[in-house]
Amino acid sequence: MVPPAGLKALRGFPVAGVASGRCLLMGILNVTPDSFSDGRQYLAPDDAVVHGLDLAAAGADLVDVGGESTRPGAVRVTEQEELRRVVPVIGALVASGVRVSIDTMRSRVAEAAVNAGATVVNDVSGGMADPAMAATVAGLDVAYVAMHWRAHSRTMQQFAAYSDVVEEVRAELVQRMDVLTAAGVDPGRIVLDPGLGFAKEAPHNWALLRGLDRILDIGQPVLIGASRKGFLGRLAHEAYGALPAPADRDGMTSAITALAASGGATCVRVHDVRSSRDAVTVAAAWQPRP
Ligand code: PMM
């Protein structure tokens, strides 16, 4: 079907039961002591579950549970610690009817999370950090978010060098698709993500948002994760002269959400679900009626 003029084709998130005419909302739940925006806040399992339920009540289609911070400079946690943080929280949220994704680079954490009820594996390394991830995901009945990634967080900013960031990120995502599908992952289950802030400086992030069409024309659903990130803080600083704290970047985040949604993104990953819910609702209402 040819979409009406001005309406970007919105490809569905490949998870049973997650279907909508609007861009979907993935709410962020970091069960970590050191994430850049919500680190420490939800480290206790009960606090994490309450926040996950709040995200769902605010309109999150999925709650993305992560037990390892990937902020620039972050040091890795052990697999055991990651499992200890996420598995009970996922179990409790799923038991309450919340749809959960697991934010992990480790195949064994992905598998344990899926056993606890997660239906999406969100891997910021797109399968590069753990050579067993692709085969593990191929054997699971889940959707897989493959993000553009070049190196672990401790050193990734050393790899933020591009001559044409959009074309290079696009080519590296296509390469990930090839590796994943060769390992048996059904392409119908793969969501791609340009990985804003991961081995990217602020101008790279803006170029990728401007170049969203080039990522979309790979032909897969696309997820955008811009929420509260440093490049938004930097923009506010340049525009208004004061650097907002991460939690004060939700206005800018919801502007990104509206633009990404109207540009054809299938999902946005956000901390403040309510403001982005308003943004995707407005973006959907703005589109021409079929
Ligand atoms: N960003 C972070 C963590 N996980 N997953 C995807 N798919 N895309 C992202 O951009 C992304 C992610 C880092 O942000 P956080 O510390 O607020 O979770």
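Each ligand, and each atom within it, is numbered from 1 in the order the structure gives.
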| Any chance the side chains of Glu168 and Ser163 put a donor and an acceptor closer than 3.5 Å? | yes
| query | Short question: side chain of Gln220, backbone of Ile190 - any donor-acceptor pair under 3.5 Å? | reply | yes
| request: May I ask you to check if ligand 1 and Thr70 share an N or O to N or O distance below 3.5 Å? | output: no
| said: So for ligand 1, is Asn122 a polar contact partner (N or O within less than 3.5 Å, distance only)? | reply: yes
Subset of ligand 1 atoms that lie under 4.0 Å from at least one heavy atom of [X]:
X      : value
His271 : 17 (O)
Asn30  : 15 (P), 16 (O), 17 (O), 18 (O)
Leu223 : 7 (N)
Val124 : 4 (N), 5 (N), 12 (C)
Gly225 : 10 (O)

| task | Give a yes or no on whether Arg76 atom CZ has more than 12 heavy-atom contacts from other residues, nucleotides or ligands under 6.0 Å away. | result | yes
| message | Looking at Arg71, I want to see if its CZ is surrounded by more than 12 non-hydrogen atoms of other residues, nucleotides or ligands under 6.0 Å. | response | yes
Distance to 0.1 Å, residue and atom name: give those for the protein heavy atom nearest to [atom].
atom                    : value
atom 1 (N) of ligand 1  : Lys229 NZ, 3.1 Å
atom 18 (O) of ligand 1 : Arg269 NH2, 2.8 Å
atom 4 (N) of ligand 1  : Asp103 OD2, 2.9 Å
atom 8 (N) of ligand 1  : Asp193 OD2, 2.6 Å

| message | In terms of relative ring orientation, are Tyr162 and His148 parallel, tilted or perpendicular, with 30° and 60° separating the classes? | response | tilted
| With a 4.0 Å heavy-atom cut-off (strictly under), which part of Ile224 contacts ligand 1: side chain, backbone, both or neither? | neither
Less than 4.0 angstrom from a charged side-chain N to a carboxylate O is my criterion; do [X] and [Y] meet it?
X      : Y      : value
Arg269 : Asp193 : no
Arg84  : Glu81  : yes
Asp217 : Arg170 : yes

| said: Contact between ligand 1 and Met26 is defined here as a heavy atom of the residue under 4.0 Å from a ligand atom; is it met? | reply: no
| task | Evaluate the side-chain hydrogen bond (donor to acceptor under 3.5 Å, both in side chains) criterion for residues Ser254 and Ser275: first the C-alpha distance (whole Å), next the side-chain angles of each, then the deciding distance (0.1 Å), finally the verdict. | result | CA-CA 6 Å; Ser254 64; Ser275 54; 4.6 Å; no
